[in-house]
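This report refers to the structure that appears directly beneath it.
When a residue number appears, it is its place in the shown sequence, counting from 1.
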Amino acid sequence: MDPAIDWLRNVPLWQAALVFLAKNVLVLGVAVALGEWLRRRFAHRRVAPEAPALQREEWVLAAVCVVLNSVVTFAGLLLWREGLIRFRLDGGPRVLVDVLVLVGVMDLGMYLLHRTAHVPLLYGWLHAPHHRYERARPLTLFVLSPLEVLGFGALWLAVCMAYEASWAAMLLYLVFNTLWGVLGHLGVEPFPDGWVRWPGLRAVATTTFHARHHLDQAHHFGFYTLVWDRLFGTLAPDYEASFGRSQVVPHESLTASAPGLPSP
């Protein structure tokens, strides 16, 4: 680990920028490849309509997302060099605790940001490009407006500044975040039918859960869990009954905006 820390501390900034860009290009390539494999593997369990042919704008927005994710990573390096972000190098059980903390805090933060992005005044600026493609595919994970990419990136950097996690936990969280984003945009359900009946697991977000949001924007704003949707009343009442089935909702709900954030 010491060589990696030394590299981060001493690498010229222009080299770091290039490495971060290459890393994010690789993340996109691996994520889309994994997603496409899962789509073929579970094609018999489709929960969303088949996505149409790729459009040029999807590739453009995905490319911008990769560049901006690299900018966020670069900003994280600068904040670390200034001592505003700190991380530990220890291992052991505490790493698991750190991962759970990061997942829990980010799940709440992203739920709140996601619902905010659906407020009518902000929707066109922040979130409309993502929902232009309600028939999601793995690439849709990266098809976001630039402001939304920077918003989620700023949330991650804020959490890193507020909580001193271990290096290993931060890496594990980032892998988990990408994997769960891919799963949410498959359009097919890889989770078993009994998932929503098992205690504990039924609170974990699934492909069916996020596919429903792409077709019905009044429900399902969570990312990793259903906890906040249950608490704030945005979980579709028929979610468990419709799990693993094609998510077909009335056309008028496709453009429905979610209600504003709950009052504190």
Nearest atoms (heavy-atom pairs only) where [X] meets [Y]:
X      : Y      : answer
Phe223 : Trp180 : O-CD1, 3.4 Å
Ala169 : Asp98  : CB-CB, 3.3 Å
Val27  : Phe142 : O-CZ, 4.4 Å

Salt bridge present between [X] and [Y] (N-O < 4.0 angstrom):
X      : Y      : value
Arg202 : Glu240 : yes
Asp229 : Arg115 : no
Arg45  : Asp193 : yes
Glu189 : Arg46  : no
Glu50  : Arg39  : yes

Problem - Verdict with reasoning, Tyr123 to Thr116, per side chain to side chain donor-acceptor pair (under 3.5 Å) - result: CA-CA 8 Å; Tyr123 180 77; Thr116 299; over 6 Å; no
Problem - CA sep, side-chain torsions, deciding dist, call: Val188, Val47, side chain to side chain contact (heavy atoms under 4.5 Å, CB included) - result: CA-CA 5 Å; Val188 298; Val47 294; 5.7 Å; no
Completion exercise
To the nearest 0.5 Å, atom CG of Leu179 lies from atom CG of Leu172 at 12.0 Å
Completion exercise
To the nearest 0.5 Å, atom CG of Leu77 lies from atom CD of Glu82 at 10.0 Å
Under 4.5 Å between any side-chain heavy atoms of [X] and [Y], yes or no?
X      : Y      : value
Tyr239 : Val196 : yes
Met106 : Tyr224 : yes
Pro138 : Leu186 : yes
Leu157 : Leu79  : yes
Tyr111 : Thr234 : yes
Tyr173 : Val103 : yes
Tyr163 : Val105 : no

Practice task
Might you confirm whether atom CZ of Arg41 has over 12 heavy atoms from other residues, nucleotides or ligands at distances under 6.0 Å?
Solution key: no
Exercise for the section: Report, as yes or no, whether the 6.0 Å neighbourhood of atom CH2 on Trp198 holds more than 12 heavy atoms from other residues, nucleotides or ligands. Expected result: yes
Got a list of side-chain donor-acceptor pairs under 3.5 Å for residues 11-25, not counting sequence neighbours?
| unit_1 | atom_1 | unit_2 | atom_2 | d |
| --- | --- | --- | --- | --- |
| Asn24 | ND2 | Phe20 | O | 2.9 |
| Asn24 | ND2 | Ser70 | OG | 3.2 |

Problem - Polar side-chain atom of Ser145 near backbone of Glu148 as donor-acceptor pair, under 3.5 Å - result: yes
Handout entry: Check: Arg94 side chain, Ala165 main-chain N or O, donor-acceptor pair, under 3.5 Å
Key = no
Exercise for the section: Give me the ring orientation class for Phe232 and Trp228: parallel if the planes are under 30° apart, tilted from 30 to 60°, perpendicular past 60°. Expected result: parallel
Exercise for the section: Decide side chain to side chain contact (heavy atoms under 4.5 Å, CB included) for His213 and Phe221; before the verdict, give the C-alpha distance in whole Å, the side-chain angles of both, and the deciding distance to 0.1 Å. Expected result: CA-CA 7 Å; His213 175 71; Phe221 300 96; 3.6 Å; yes
Practice task
Apply the test side chain to side chain donor-acceptor pair (under 3.5 Å) to residues Thr225 and Asp107: give CA-CA distance (whole Å), side-chain angles for both, the deciding distance (0.1 Å), then the verdict.
Solution key: CA-CA 7 Å; Thr225 75; Asp107 193 40; 2.5 Å; yes
Practice task
Apply the test salt bridge (Lys or Arg N to Asp or Glu O under 4.0 Å) to residues Glu57 and Arg132: give CA-CA distance (whole Å), side-chain angles for both, the deciding distance (0.1 Å), then the verdict.
Solution key: CA-CA 10 Å; Glu57 184 186 14; Arg132 198 167 296 138; 2.6 Å; yes
Problem - Residue among His220, Arg135, His130 satisfying side chain to side chain donor-acceptor pair (under 3.5 Å) with His214 - result: His130
